[in-house]
Amino acid sequence: MVPGLVAVSLAYLVGMLPSAQLVARRVGRDPTSEGSGNPGASNVLRIAGRRAGAAVLALDAGKGAVPTGLALAASGRPLAAACWTAAALGHVFPIVRRFRGGKGVAPGAGGAVVLYPVLSVGFLLVFAAVAAIGRRPSVASLTIAVLLPVAVAATGRPGWEIAVAGGLAALVITRHAGNIRRLLRGEERGIQG
């Protein structure tokens, strides 16, 4: 019990690492006060360029993948799913930023790659296609969030795994509430080609 709690706590701390701020500051930008104000890869891409955006995406995905992978190797799927959730929550609700963090997409994706590698290939292709066609990462992220629990259920995983995937999907969708409102009004900004 105690080792599991320690692992989950460490996963939350890893999720809190301010990768967007660290990367963007290297080029003199601050994602928390520029663009959308969101400390995530899409905003860093907009304000600091492709290289910085890609670095944040990789680091944020790693925040989900590393704790999930270590827990999977050490203890199995239940602890891995708990660490996956904790890392995403640390990214979205970091104590050090008064619980104002990112939207959970990249850490969620990183953990999904560990737990569902085959599904993740499909998710990546769908994300890339939707983002390329619509030029709006928010639409691609929401599409994957909706597909995640459905795909996990379709592969015959147990109910608790479907519930974890559904909870993380709900978190991502909730964090995109502003994007959804802007999409409905036709005001959502895209990524320029």
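- Between the CG atom of L147 and the CZ atom of F127 there is a distance of 12.5 Å, given to the nearest 0.5 Å.
- Put simply, V130 and L125 are part of two different groups of oily side chains (I, L, V, M, F, W, Y) that touch within less than 4.5 Å, one to the next.
- With R175 contributing its side chain and G101 its backbone, the two residues share a donor-acceptor pair below 3.5 Å.
- To the nearest 0.5 Å, atom CG of residue N43 and atom CZ of residue R46 are 6.5 Å apart.
- Note on E34 versus R29: salt bridge recorded, some NZ/NE/NH1/NH2 to OD/OE distance being below 4.0 Å.
- Taken to the nearest 0.5 Å, the CD1 atom of I162 stands 7.5 Å off from the OG1 atom of T155.
- Each of V113 and L115 belongs to its own hydrophobic cluster when Ile, Leu, Val, Met, Phe, Trp and Tyr are linked at side-chain heavy-atom distances under 4.5 angstrom.
- No side-chain heavy atom of V27 sits less than 4.5 Å from a side-chain heavy atom of R51.
- Residues L17 and S19 form no side-chain contact, since every pair of their non-hydrogen atoms from C-beta on lies 4.5 Å or further apart.
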Worked check of side-chain contact (heavy atoms from CB on, under 4.5 Å) between L124 and I144: CA-CA 9 Å; L124 177 61; I144 298 306; over 6 Å; no

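- Inter-residue side-chain proximity for V66 and V114 is flagged as unmet; no heavy-atom pair is nearer than 4.5 Å.
- The closest side-chain heavy-atom distance from P31 to I47 is below 4.5 Å.
- Between G62 and P67, the shortest heavy-atom contact is O-CD, 3.8 Å.
- Nearest heavy atoms, A20 versus V44: CB-CG2, 3.8 Å.
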CA sep, side-chain torsions, deciding dist, call: K103, V92, side-chain contact (heavy atoms from CB on, under 4.5 Å): CA-CA 6 Å; K103 296 184 179 176; V92 172; 5.8 Å; no

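- Atom CZ of R185 sits in a crowded spot, with more than 12 heavy atoms from other residues, nucleotides or ligands closer than 6.0 Å.
- Atom OG1 of T143 and atom CZ of R136 lie 13.0 Å apart (nearest 0.5 Å).
- Using a 4.5 Å heavy-atom cutoff, the side chains of L183 and L142 are in contact.
- Nearest heavy-atom pair across P137 and S42 is CB-OG, 3.4 Å.
- With respect to S138, the side-chain hydrogen bond (donor to acceptor under 3.5 Å, both in side chains) criterion is satisfied by exactly one of E188, H176, R182: E188.
- Under the 4.5 Å side-chain criterion, counting only non-hydrogen atoms from C-beta, I173 is in contact with V146.
- Clustering ILVMFWY residues whenever any of their side-chain heavy atoms sit less than 4.5 angstrom apart, transitively, puts F123 in a cluster other than the one holding I133.
- Within the 4.5 Å cutoff, the side chain of P39 has heavy atoms near those of the R97 side chain.
- Minimum heavy-atom separation, P107 to A88: CB-CA, 4.2 Å.
- Residue G53 comes nearest to A41 through the heavy atom pair O-CB, 3.7 Å, listed as atom of the first residue, atom of the second, then distance.
- Interatomic distance, NZ of K63 versus NE2 of H91, reported as 5.0 Å (0.5 Å rounding).
- For the pair R50 and L45, the minimum side-chain heavy-atom distance is below 4.5 Å.
- Using a 4.5 Å cut-off between side-chain heavy atoms of Ile, Leu, Val, Met, Phe, Trp and Tyr, with links allowed through other members, L70 and L79 fall into different hydrophobic clusters.
- No continuous path of ILVMFWY side-chain contacts below 4.5 Å connects L59 to W84, so the two sit in separate hydrophobic clusters.
- When all heavy atoms of T68 and G111 are compared, the pair lying nearest together is OG1-CA, 3.8 Å.
- If you take CG on L148 and OH on Y116, they are separated by 7.0 Å, rounding to the nearest 0.5 Å.
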